[in-house]
There are 2 protein chains.
Amino acid sequence: MRPQKVDDQQLMTGLMEVIRAKGFEGASMNDLAEATGLKKASLYHRFPGGKQEITEAVLAFTQAWGRTHIHGVLTNSSIAPAERLKTAIANIRSLYRDGEAICVLRALTMDPSLPIFNSQIGNSFQGWLDGFVQLGKDLGMDHRLAQQRAIQALAWVQGSLVISKGLDDLTVFQGILKDIERLYID
Amino acid sequence: MRPQKVDDQQLMTGLMEVIRAKGFEGASMNDLAEATGLKKASLYHRFPGGKQEITEAVLAFTQAWGRTHIHGVLTNSSIAPAERLKTAIANIRSLYRDGEAICVLRALTMDPSLPIFNSQIGNSFQGWLDGFVQLGKDLGMDHRLAQQRAIQALAWVQGSLVISKGLDDLTVFQGILKDIERLYID
DNA sequence: GTCTATAGCTAGATAGAC
DNA sequence: GTCTATCTAGCTATAGAC
C-alpha cells in the first residue's frame, strides 16, 4: 500500500483543532482537510463515516487524554494530593493554551449535535469529576463535599474559558486556576 | 402599509431561541423563518443585513435583558443586598430554563463568529460582572475581593450550564446557583 | 492511500408579484 | 409586509485515475 501522508497523531491534532474552534456545524470538510494537509477525498478514505466519524474520533481522543492527564493524575495514590492537583492544573492550562482554546466538549454541546455525541461527552465530563472527587476524599472530605467541590472546580474551568473568550481576557482563566488550587489546599 | 404578521417581541423571542440553541453557523435562515412563522424573504425584509444583523439584534436584546434583570437588580440600592442576590438568581434560573437552555453568549463565542460579535458579547459579560462587583462591595468587600467573587460567580453560571448540558443533568446548574448564594451570604 | 473532478443538495441572499 | 420562485456559492459525499 501507498504510505500515509500524515500519521494518525498529526491527523488527530489537526482535526481536533478545527472541531473545537468551529464546532460541529461550523467545521467544514474543507476546513478539516486544509488543517490536516490531506485532501477532502483522502479524509473520507480514513474516515468513511465523514464528519460524524471524525468527531467521534476526536471525542475518543479527548476522553483518552483526560483519563491520562486529569483522572490518572488526580487519583495517583503514590503522589501527595497537593502535588497531584498542581500537576493536573498545569495539564489543564496546557490543554486550553492558557485560556485561548475552546473546549471541544463545550463546542459539541449545542442542540444540533447533542443527541449524537451525548454519551461520549458525558463520559469525558464524568471522568474529570471522578478524578476531582477522589482528590477531595484523599484530602479528608466526605463524599458529599468532595462531589460538590468537584463540580465547582469543573464549572470554574469551563465557565472561565467561556468568559475569557467572551471578554478576550485570558487572566480570567488563569485566575480561576489559582482559585481551584485554593478550593482544595486552603 | 400591510400589517406585520408577527410583532417585534415575538420575532425576537423566536430568533433568540434558534440562535442560542444552534449557534451562528448552525442556525440557518430556514430555521429562523420556521421558528418565527415568517418566510425567509420576509425575514430579509425585517433584517436586510441577514443572519449577521439578526444575531446583532439578538445580542442587543440579550444585553438589554441583562442590564434590567441582572445589573439593575444587583445594584438597586433601595433593596437589601441579600434580597437583590436572591432576585438576580431567580432571574438567572428563569433565563436559562433551570439549566436546560444554552447561553446565547456562549453559543456565539466560537472562533468563526467571534471577531464580528466580540464587543457586544464583551459588553454583556461586563455588565453581569459590574453588577456582582457592586453587590460584593455593598456587602463590605474591598474592590479586589468583590471582583474576584464576581468572576467566580459568573464562571459558575456559565460552567454549570456547559456541564449540565454535557451530563444531561440539570441538578448541576441548580446546585451551583445555591453555591453562588453561599459565596456572598455566608 | 492520495488525488482531481463532479454529483446532488442546501445554504444565504435577491427579484418581483401581490 | 409577505410571499413564491430562483440565483449562486458552498456544503457533504462519491467516482475513478494514479
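Treat the numbers as computed from the prediction; the structure is a model and nothing was measured.
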query = Does B/H45 put a side-chain nitrogen or oxygen below 4.0 Å from OP1 or OP2 of D/dT2?
reply = no

request  = Give the cluster check for A/M12 versus A/L43: same hydrophobic cluster or not, with ILVMFWY residues linked at side-chain heavy-atom distances below 4.5 Å.
outcome  = yes

ask   = Does A/R149 use its side chain to pair, donor to acceptor, with the backbone of A/L135 at less than 3.5 Å?
value = no

query = Starting at CG of B/D7 and ending at C1' of D/dT2, how long is that distance when rounded to a whole Å?
reply = 16 Å

message = Does the protein touch nucleotides 7-18 of chain C at the base, only the backbone, or not at all? Give it as B, S and - per nucleotide, heavy atoms under 4.0 Å.
response = ----SBBBB--B

ask   = When the distance from CG of A/L32 to P of D/dA13 is rounded to whole Å, what number comes out?
value = 11 Å

key: B/Q134 versus B/D138, side-chain donor and acceptor atoms under 3.5 Å   = yes

key: B/S42 side-chain N/O to D/dC3 phosphate OP1/OP2 under 4.0 Å   = yes

message = Regarding B/K165 and A/D111, does a basic nitrogen lie under 4.0 Å from an acidic carboxylate oxygen?
response = yes

key: For atom CZ of A/R46 and atom C1' of C/dC3, their distance in whole Å   = 14 Å

request  = To the nearest 0.5 Å, tell me how far A/T55 OG1 sits from A/F47 CZ.
outcome  = 10.0 Å

message = What's the separation between atom NE2 in B/H71 and atom CH2 in B/W65, rounded to the nearest 0.5 Å?
response = 14.0 Å

ask   = Closer than 4.0 Å, any side-chain N/O of B/K39 to the OP1 or OP2 of D/dG1?
value = no

Rounded interatomic separation in angstrom, taking CG from A/L43 and P from C/dC3 = 9 Å

